[in-house]
Asks: 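Below you will find the structure I want to go over with you.
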Amino acid sequence: MSFLNTLRQKASQLTLFDKDGPKRPSRDELFRQEYNLPEGETILDENNAEMLIVSEVTHNTPHSNHTNQVFPGKLYLTDHFLIFRDSFDKKSCILTLNISAIKKVERIPSKAYVFALSIHTASGAKVLVQFIGINSRSEQFSHRLKVQLKKNIPNTSKLDPFLTSLYSEFIIKKNEPGANKDAIKAPEGGLGLIYKFPGDPRKLKDKNKLRLWYDYFNRYGRNLTLTRQKMFFKLIRVGLPNRLRGEMWEYTSGAMYWRFQELGTYQKLLDDNEGKVSLAIEEIEKDLNRSLPEYPAYQTEEGINRLRRVLIAYSWKNPDVGYCQAMNIVAAALLIFQTEEQAFWTLTVLCEKYVPGYYSKTMYGTLLDQKVFESLVEKTMPILWAHIQKYDIQLSVVSLPWFLSLFLSSMPLVFAFRIMDIFFLNGPKVLFQVALAVLRVCGEQLLEIDDDGMFISVIKDYFSRLDESAHPNSTDPKYRQLTEFQKLLIVAFKEFSTITDEIITRERTKHKPAIMSNIESFIKKSQIRNLPRTKNLTPENLSNLYDRFYEGIQSHKTGMGTGKSSMDFNNFKLFLQGFCDWVLPDSDYDYHDDDFLHRLFRTWDKDNVGELTLTDVVLGLDKLVERDMMEAVSNFFEIYDFDKTGEVDREGILQISEGLLYITKPLQDGLVLDAITSKSVEAYVTDKVIELQQDSESNEIILPSQVQIDKEKFQREQGERYLSAASAFIQHAFEYAQPGEIEQLIDLDETKDLKKMKANAALDPNHPLIMSLATFRMVILADETYELLFTKTLADSIHLDRAIAVTDKGGSLRDMFDGLMADGRRVAYHVRRRMDSGATQASRPRDNSSATAVTVTEEEDDDFDPQTSATDYGDLLEGAEVQALADVPVTRENGDTDTQNDLNILHANMQKSKGDDNLIEFDI
C-alpha cells in the first residue's frame, strides 16, 4: 500500500499540459483548496481509519439524545493539521483539527492486530481513531504525528489568547455548571454590538439558532477542533445567528487558521507602515464614506476608522493589489460582525482564494466570471439568452455588481448576509447559482422587455420584495409563509445544484485566454496612446518596445495587473540586449565594464528613483536613434554631462572615449558592417565582375555564378579604422580642449613621474582641460568614421522594428553580406558606370586617365546609397541612365536573355567556399 500511495502521489504531480499552457494544480494545492488550509501545508502521511467523537459534555446535556456514530474514512497529517474525511459522504464527517489544539494522545490498549489512538482536544472532546491496515503503517503514521506535535509546541502558547477572542468559546464557558458568569467576559466583536445588527432579531430567531449552535459545539467541538457533520450544513443554510456569524465566516473560509498562524501580524502591519502614504491609501480615503452608507456605523468616526485601518493594512500586505473598487463594501460588511483582525484575514482569504482577480487593478477575475456567467445562462436558459441577444441587452452591466460586491450593494443587507453565509461555506459557485436563480425567477417579466434600463428595473424591484410572500394567494399556509428570498434559495440550490466547482473551473479555463488577451490589448493601446510624442519612433516601434519592456520585468503580469511596472538596471541591460547590437553578453567583452549603460540608465532616470518606467525608456531611445548629427552628438554628450553644465573635464573626456569604444565593439570585431565597409564590399564585387568582362569580346555583361570574398580582410580593415578613430578622438579632444581652473588637491614633488605627467596633456595636473559640447562636435566631425556613427551607424544598430519573437542578434556576417548583395541592380549599376567611365577615359589622353578614373569612382561612391531599396532607384538616377541600364543584355548560364528580369538576376544565395573558412561565395 505504501508503494502504491507513493506512486499515486508522484502521478498526481505530473503536468499534463504544455509548459506554456495552464498548469495542473498539484495534489497538495487541491488538498489545501478543499479544506481552506493556509499556504505551505503539505500532506505528510495518510491512512485509512475509523473515527468516533466522544464528548463528556454531551452526556450531561438534557436535550441531547444523539448516539455516538463511527465513521469510516481516511486520516491525513499535514504540518499543522490532522484531517479526517468520511469515505462515502463528504458531509457526513469532516474534522479539521489544528495540532496545537491537541492536549494529549494515547494509544488505546486493545486486542492483537488492532491499533487505536485516543486524541484529547482543547474543547474537552475525545477523538477515537482506529487504524485500518497493517500495524507497521499505523506505527509510521503515529510516529509522524508525534514529530509534528513536538514541532507545534511553540504554537500552543498562542492558543489561550486566541480562544478568548472567539464567541463560541465564551458561550460554552459561560454556561458550564458552576461557572462564574461575572468573571467571564465576552470577546470583542463587530460594529453590530454597538450599532445593532441589520434585521429584526425576533424574526430572524437569533436566540433559537444560537441554542442549536451551543448544542452542536458541545457535541462536536468548536473553532479549531470543530467537526463538520450534516447538521452543521443545515444550521448554516437556515442562517447564522448575528453574534456568531463573524466567527463562522472566519471558520468556514479558513481565515481562522491564517489568523492563528499569523497572530499579531495585522497590528504589526499598521505599526510598521504608520505615517506612510501611497496611491492605494489615497483611493481608500475617497471611498470610505461610500461604504454601506445605509448602515449607521459608517456615518461615525469609529466605523470609518475601523474600515480605514483594515483596508490600509491589506494594501500594505498585498501591494500588487493595494486597493480596488468594491473592497470597501465587502470589508464594511465583514466589520459589522467581526473585529478588525478577523475582518483583515477574512478579506485576505476572500481576495486571494475565493475570488482571485476580482479585486485587482484590471479586475480580470470579475470580467472572466461575467463571461462564465453568460455561458451558463446560454446553456441553462436558452430562451432567455436568445431574447437578451436579440435586443442586445448587456447582461454584464446587470450582473457585475452582484459578483463584485457579493450582492451586498444589490439586495437588502439582511438577505445578502444569508448568501454570504453559504458563499463562505460552499465557495464561489454560490454566486453563479444565486445569479442564475434571480434570472430564472424573474424570467417571465424579463422576456417582455427589450432594453437595459427596464431589465435593471425589473430585477431591482424584485430585490426590494424579497421579504414578501412568494405565494400570497395560496390556500396552503406553508406556501403563504414562503418568502421570495426562500424561494430564491430553493431555486438556486435545487434547480442549479448541477453548477459545480468543476464546471466553473472548466469554463474559466476555456474563456480565460480570450479575456486576458482583450485586457492586455486594451491596456497596451491605452498606455501607448498616453505616451509622450516622439519624432523618431513609429507606432510599430512603440508596440515592440512595450512588449519587450514588460516581458523583461519577470514579476509583471499585465492582464492580472500585478507586479512592478518599472525595471531596475539588471532588467534594463537584458532589455537592451534584445535589440541593440552593442549590448553584448559579458562573456563577449575582454573586460567587464557597464559604465556606459550605468550612465545611460541614470540619464534616463529623470526622477532618480533607481528604476525606469516605459515613458523613460521611450524618451531615452527616441534620442538615441536620432539621425540628425548635431542632435545625436548633443544627446550622446548629455550622457556624460549629467549636471547640465555644457562641458566635461579631463576624466569626462576619457569616459566619453571609453563609451565610444563600448558602443563600437561589434564594429571593431566585424560582427556588424557599417556603410563604409559595405561600399568597399560592393566595389570589390564590381571589380571582380569587370575583370571577367575584360576577357570577353562581347559587349554583354557576363555575371559570374559566384564571387569569393575574404571576410577577415574586411573585418580587419573595419576594426583598424574604428581603433584609429578612437585614438584620433583622444588626441584631438585634448588638443582642442579649453584650459580649466587649477585645483591643487595635493602637493607633488618635481619627480621624474611628475615630469612625464606634465609632458602629457591628458595627465598634466597643472593644466586641467575642459571640453565643451561645441568642441566635442568639432572632434567628431573631424573623423569620417565617428561622423557616420552619429548620422547612421548608431541608429542602425538599434533594431526597434525587431519583434519580441525574434531572438537573432542582427544575424551572422554571412547574413550581413547577404543584405548587401540582395539587390542585383546595385552590382549591375556599378558595373555599367565603371565600364562607361573606362570607355570615356580610354578616349582621353593617356596621362589623365588614371586621375579621371579615381574621380569617377569617388563621385560614384559619394552618390550611391547601398541601403536604398530597389523601388527607390528611379529617384536616384536620371531617366537616361535608367533607360541605358535597361538596355544592357544580361547573359545567363543557359544563354537566354531576359531584359524584363535583368535587375533581379542577382540574388544572395551564399555558399561557403570549400577548403577556406575565410571565404564567402555569393551566388549570382
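Predicted model, so just to flag it, every value in this text is computed and none were measured. We number each residue from 1, following the sequence as shown.
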Asks: Looking at every heavy atom in both A343 and L334, which two are closest together, and how far apart are they?
Replies: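 Looks like O-CD1, 3.8 Å.
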Asks: Between L204 and V414, is there a side-chain heavy-atom distance shorter than 4.5 Å?
Replies: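 V414 vs L204: side chains touch.
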Asks: Report, as yes or no, whether the 6.0 Å neighbourhood of atom CD on E274 holds more than 12 heavy atoms from other residues, nucleotides or ligands.
Replies: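 No - once you tally the heavy atoms of other residues, nucleotides and ligands closer than 6.0 Å, there are 12 at most.
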Asks: Go through it in stages, so that I can follow the logic: the residues are N218 and I172, the test is side-chain contact (heavy atoms from CB on, under 4.5 Å), and I'd like the CA-CA distance, side-chain angles, deciding distance and then a yes or no.
Replies: CA-CA 7 Å; N218 272 325; I172 293 296; 3.5 Å; yes
Asks: Please round to the nearest 0.5 Å and tell me the distance separating atom CG of L235 and atom CZ of R228.
Replies: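 So the CG of L235 and the CZ of R228 are separated by 13.0 Å.
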Asks: With side chains defined as the heavy atoms from C-beta onward, is the minimum distance between D86 and P72 less than 4.5 Å?
Replies: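 When only atoms from C-beta onward are counted, P72 and D86 do touch, with a gap below 4.5 Å.
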Asks: Suppose we call two aromatic rings close when their centres sit under 6.0 Å apart. Are F432 and F403 close by that rule?
Replies: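 Here the rings of F403 and F432 have centres that are less than 6.0 Å from each other.
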Asks: How long is the straight-line distance from CD1 of I336 back to CG of L191, given to the nearest 0.5 Å?
Replies: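 That separation rounds to 7.0 Å.
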Asks: Going by the side chain to side chain contact (heavy atoms under 4.5 Å, CB included) test, name the single residue among L311, L307, I312, N305 that passes it with R309.
Replies: N305
Asks: Going by the ring pair (Phe, Tyr, Trp, His ring centres under 6.0 Å) test, name the single residue among F424, F423, W345 that passes it with W249.
Replies: F424
Asks: With a 4.5 Å limit on heavy-atom distance, are the side chains of V430 and Q433 in contact?
Replies: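 SC-SC contact between V430 and Q433 confirmed.
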Asks: With rounding to the nearest 0.5 angstrom, report the CG to OG1 distance, L95 to T225.
Replies: 8.0 Å
Asks: Looking at R308 and E301, is there a salt bridge between them, counting it only when a charged N and a carboxylate O are closer than 4.0 Å?
Replies: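 A salt bridge is absent here (no side-chain N lies under 4.0 Å from a carboxylate O).
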Asks: At what distance, to the nearest 0.5 angstrom, does CZ of R259 lie from CD of E250?
Replies: 4.0 Å
Asks: Is any side-chain heavy atom of Y298 closer than 4.5 Å to one of L335?
Replies: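 Sidechains of Y298 and L335: in contact.
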Asks: Do you know which of R144, K146, K74 makes salt bridge (Lys or Arg N to Asp or Glu O under 4.0 Å) with D45?
Replies: R144
Asks: Can you confirm if the aromatic rings of F197 and F337 lie within a centre distance of less than 6.0 Å?
Replies: yes
Asks: List the steps and the verdict of side-chain contact (heavy atoms from CB on, under 4.5 Å) for L44 and T42.
Replies: CA-CA 6 Å; L44 302 178; T42 57; 3.9 Å; yes
Asks: Which heavy atom in E352 sits nearest to a heavy atom in P356, and how many Å separate them?
Replies: O-CB, 4.1 Å
Asks: Would you mind checking if R306 and E188 are paired as a salt bridge, meaning a charged N to carboxylate O distance below 4.0 Å?
Replies: no
Asks: Find out whether R418 and F407 are in side-chain contact, i.e. whether some heavy atom of one side chain is under 4.5 Å from a heavy atom of the other.
Replies: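 No; the side chains remain at least 4.5 Å from each other.
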Asks: With a 3.5 Å distance limit and no angle check, can you tell me whether N36 reaches the backbone of T252 through a side-chain donor-acceptor pair?
Replies: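 Indeed, once roles are kept as given, a pair shorter than 3.5 Å links the two residues.
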Asks: Within a 6.0 Å radius of atom CD on Q325, are there more than 12 heavy atoms belonging to other residues, nucleotides or ligands?
Replies: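 No - once you tally the heavy atoms of other residues, nucleotides and ligands closer than 6.0 Å, there are 12 at most.
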Asks: Between E41 and R32, is the closest basic N to carboxylate O distance under 4.0 Å?
Replies: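 Between E41 and R32 there is no salt bridge, as every charged N stays at least 4.0 Å from the carboxylate O atoms.
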Asks: Could you give the distance from CG (L166) to CD1 (I171), rounded to the nearest 0.5 Å?
Replies: 11.0 Å
Asks: Identify whether the distance between the nearest side-chain nitrogen and carboxylate oxygen of E262 and K317 falls below 4.0 Å.
Replies: no
Asks: Would V114 and Q130 count as a side-chain contact (heavy atoms from CB on, under 4.5 Å) if you check the C-alpha gap in whole Å, the side-chain angles of each, and the deciding distance to 0.1 Å?
Replies: CA-CA 7 Å; V114 176; Q130 179 175 309; 3.8 Å; yes
Asks: Quick check, are the ring centers of F260 and Y257 under 6.0 angstrom apart?
Replies: no
Asks: Testing the basics here: between R107 and L117, what is the closest heavy-atom pair and its distance to 0.1 Å?
Replies: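 Scanning both residues, the minimum pair turns out to be CA-CD2, 3.9 Å.
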Asks: Work out which heavy atom in S405 is nearest to a heavy atom in I329; give both atom names and the distance.
Replies: CB-CG2, 4.3 Å
Asks: Start with the C-alpha distance between T346 and W258, add both sets of side-chain angles, then the distance that settles side-chain contact (heavy atoms from CB on, under 4.5 Å), and finish with yes or no.
Replies: CA-CA 9 Å; T346 305; W258 290 60; over 6 Å; no
Asks: So, do I94 and F232 sit near enough that their side-chain heavy atoms are less than 4.5 Å apart?
Replies: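 Contact flag for I94/F232 side chains = no.
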Asks: First locate atom CG of L244, then atom CG of L210, and finally report the distance between them rounded to the nearest 0.5 Å.
Replies: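 The CG atom of L244 sits 6.5 Å away from the CG atom of L210.
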Asks: Looking at K158, I'd like to know if its NZ atom is crowded, meaning that more than 12 non-hydrogen atoms belonging to other residues, nucleotides or ligands lie closer than 6.0 Å.
Replies: yes
Asks: Aromatic rings Y216 and W213: how do their planes relate, parallel, tilted or perpendicular, breaks at 30° and 60°?
Replies: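 Y216 vs W213 ring planes: perpendicular.
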Asks: More than 12 non-hydrogen atoms from neighbouring residues, nucleotides or ligands closer than 6.0 Å to CD on Q33, yes or no?
Replies: no
Asks: Measure the acute angle between the ring planes of F485 and F415, then classify it against the limits of 30° and 60° as parallel, tilted or perpendicular.
Replies: tilted
Asks: Determine whether the aromatic ring centres of F131 and F141 lie less than 6.0 Å apart.
Replies: yes
Asks: Among S123, S165, S168, which one satisfies side chain to side chain donor-acceptor pair (under 3.5 Å) with N223?
Replies: S168
Asks: State plainly whether the residues K361 and D320 are in salt-bridge range, i.e. N to O under 4.0 Å.
Replies: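 Looking at D320 together with K361, the answer is no, because their closest N to O distance does not fall below 4.0 Å.
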Asks: Do N328 and L288 have side chains that get closer than 4.5 Å, going by heavy atoms?
Replies: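 A side-chain contact under 4.5 Å is absent here.
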Asks: Between T156 and S100, which heavy-atom pair has the shortest distance, and what is it?
Replies: CG2-O, 3.7 Å
Asks: For Y167 and F170, run ring-ring contact (aromatic ring centres under 6.0 Å, His included): C-alpha distance rounded to whole Å, both residues' side-chain angles, the deciding distance at 0.1 Å, then the answer.
Replies: CA-CA 5 Å; Y167 191 74; F170 166 73; 5.5 Å; yes
Asks: Report yes or no: is the cationic atom of R237 (NZ for Lys, CZ for Arg) under 6.0 Å from the centre of the six-membered ring of F493, at an angle within 45° of the ring normal?
Replies: yes
Asks: Does I53 reach the side chain of F71, with side-chain heavy atoms less than 4.5 Å apart?
Replies: no
Asks: For residues P187 and T164, report the shortest heavy-atom separation together with the two atoms involved.
Replies: CB-O, 3.2 Å
